[in-house]
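Structure, as structure tokens:
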Amino acid sequence: MQQNTNEDGGLHKKQKPARLSDIVRAIDTSQEITIGELADSLGERAFGALLFIFAVPNAIPMPPGTSAILGLPLVILTWQVMVGRQTLWLPAVVRKRRIPRDLLRTFVDKVTPVMARLERVLKPRLGLVVTSNLAERMIGLVAFPLALILFLPIPFANMPPALAIACLALGLAERDGLAVLVGYVFSAASVGILAAVSSALYAGAVAFFHALFGV
């Protein structure tokens, strides 16, 4: 799964590969597959495609337990983008983790039509924010803490960071700097929402104990 690199060290491809929607549509949903098998099937699109595949189920209604299955691989992937790793690596325990058939089928059925519509407007542009090694590391730097939020059992915190990572992943996969910028906006909004939710939960807990114990 060696990535083709451009002169500035980024993950830029020499030839434009198949659309992400085609890759997702080709996933075999007739049986369970492992995360390793899924990663191997993506080839050069592994980083951007897997980031999207692991993030977007947390942004849409999916079967319970989705974040528990996809959260850890997402953390590992975003960390590798952040440090500038050019080849995908997943530990054996993650590669062997199985993705349930129902989860795969729900993902493909719900996401493929949306992706096909998005791909009509996605195109290589604003390369300064997506095609260099520094730009890719910046994407990883922003996505990594969001992936940690997804991995942690924080109430009501999954959807905004998942949407932000999905936008960043689309930008990375399609070399679309505008999608990356949209992802940065969603990332900032995610932090704001998380701060507001955390503050509300803290205030609620304080009010509860004050009412219960008078302290």
Side-chain angles (χ1 to χ4, degrees), residues 3 10-13 16-25 42 44-62 66-67 70-71 73-82 84 88 106-108 110-152 154 156-197:
Q3 306 284 338
L11 301 174
H12 192 56
K13 281 71 179 175
K16 186 174 179 60
R19 288 287 195 176
L20 274 179
S21 59
D22 296 328
I23 295 173
V24 172
R25 191 179 292 110
L42 297 174
E44 292 184 346
R45 299 298 288 273
F47 275 103
L50 282 179
L51 282 175
F52 182 83
I53 290 171
F54 290 157
V56 78
N58 294 284
I60 59 178
M62 293 289 286
T66 299
S67 60
L70 306 180
L74 195 59
V75 171
I76 295 172
L77 284 168
T78 53
W79 176 79
Q80 290 181 72
V81 176
M82 181 177 65
L88 176 65
T106 301
F107 170 76
V108 172
K110 288 186 176 183
V111 172
T112 303
V114 177
M115 290 179 63
R117 287 193 292 269
L118 287 175
E119 286 169 345
R120 296 173 186 170
V121 297
L122 290 170
K123 61 182 179 181
R125 54 186 159 185
L126 300 179
L128 184 64
V129 296
V130 71
T131 57
S132 70
N133 185 47
L134 178 61
E136 288 164 357
R137 289 190 179 210
M138 180 61 66
I139 292 172
L141 181 64
V142 172
F144 179 66
L146 297 177
L148 288 175
I149 294 172
L150 280 177
F151 183 60
L152 297 174
I154 303 175
F156 315 112
N158 281 1
M159 188 172 294
L163 184 58
I165 295 175
C167 288
L168 294 172
L170 284 175
L172 182 63
E174 300 293 336
R175 321 312 296 170
D176 191 333
L178 181 59
V180 171
L181 292 178
V182 172
Y184 286 153
V185 172
F186 283 148
S187 299
S190 299
V191 173
I193 293 171
L194 180 62
V197 170

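We use all heavy atoms of the structure for the numbers below, so side chains are in, but hydrogens, waters and symmetry mates are not.
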pair Val75-Leu150: side-chain heavy atoms closer than 4.5 Å
no

Search all heavy atoms of Leu70 against all heavy atoms of Pro57 and return the closest pair with its distance.
CD1-CG, 3.7 Å

Where is the tightest heavy-atom contact between Ala162 and Asn58, given as atom of each residue plus distance?
CB-CB, 3.5 Å

Ignoring hydrogens, what is the shortest heavy-atom contact between Val142 and Leu146? Give both atom names and the distance.
O-CG, 3.4 Å

Return the set of residues passing side-chain contact (heavy atoms from CB on, under 4.5 Å) with Val185 (not counting sequence neighbours), or none when no residue passes.
none

Do Phe151 and Leu74 come close enough that some side-chain heavy atom pair is under 4.5 Å?
no

With a 3.5 Å distance limit and no angle check, can you tell me whether Arg175 reaches the backbone of Gly127 through a side-chain donor-acceptor pair?
no

Nearest heavy-atom approach of Leu122 to Ala179 is CD2-CB, 3.9 Å

Heavy-atom nearest pair, Leu172 first then Glu136, reads CD1-CG, 3.8 Å

Quick one: are Phe107 and Val56 in side-chain contact, heavy atoms under 4.5 Å?
yes

Could you tell me the separation between the CD1 atom of Ile165 and the CD1 atom of Ile149, rounded to the nearest 0.5 Å?
8.5 Å

Separation of Glu174 CD from Arg125 CZ (nearest 0.5 Å):
10.5 Å

Can you give the donor-acceptor pairs under 3.5 Å from side chains of residues 187-197 to other protein atoms, not counting sequence neighbours?
residue, atom, partner, partner atom, Å
Ser187, OG, Gly183, O, 2.7
Ser190, OG, Pro160, O, 3.0
Ser190, OG, Phe186, O, 2.8

Among Leu163, Ile139, Leu181, Leu51, the one residue meeting side chain to side chain contact (heavy atoms under 4.5 Å, CB included) with Leu168:
Ile139

Rounded to the nearest 0.5 Å, what separation is found between the CG atom of Leu141 and the CG atom of Leu134?
10.0 Å

Distance (rounded to the nearest 0.5 Å) between Leu88 CG and Leu77 CG:
6.0 Å

Can you name the residues that form a side-chain contact (heavy atoms from CB on, under 4.5 Å) with Met115, not counting sequence neighbours?
Leu20, Ser21, Val24, Phe52, Val111, Glu119

Can you name the side-chain contact (heavy atoms from CB on, under 4.5 Å) partners of Arg117, sequence neighbours left out?
Pro113, Val114, Arg120

If you round to the nearest 0.5 Å, how far is CZ of Phe54 from OG1 of Thr78?
11.5 Å

pair Asp176-Leu126: side-chain heavy atoms closer than 4.5 Å
no

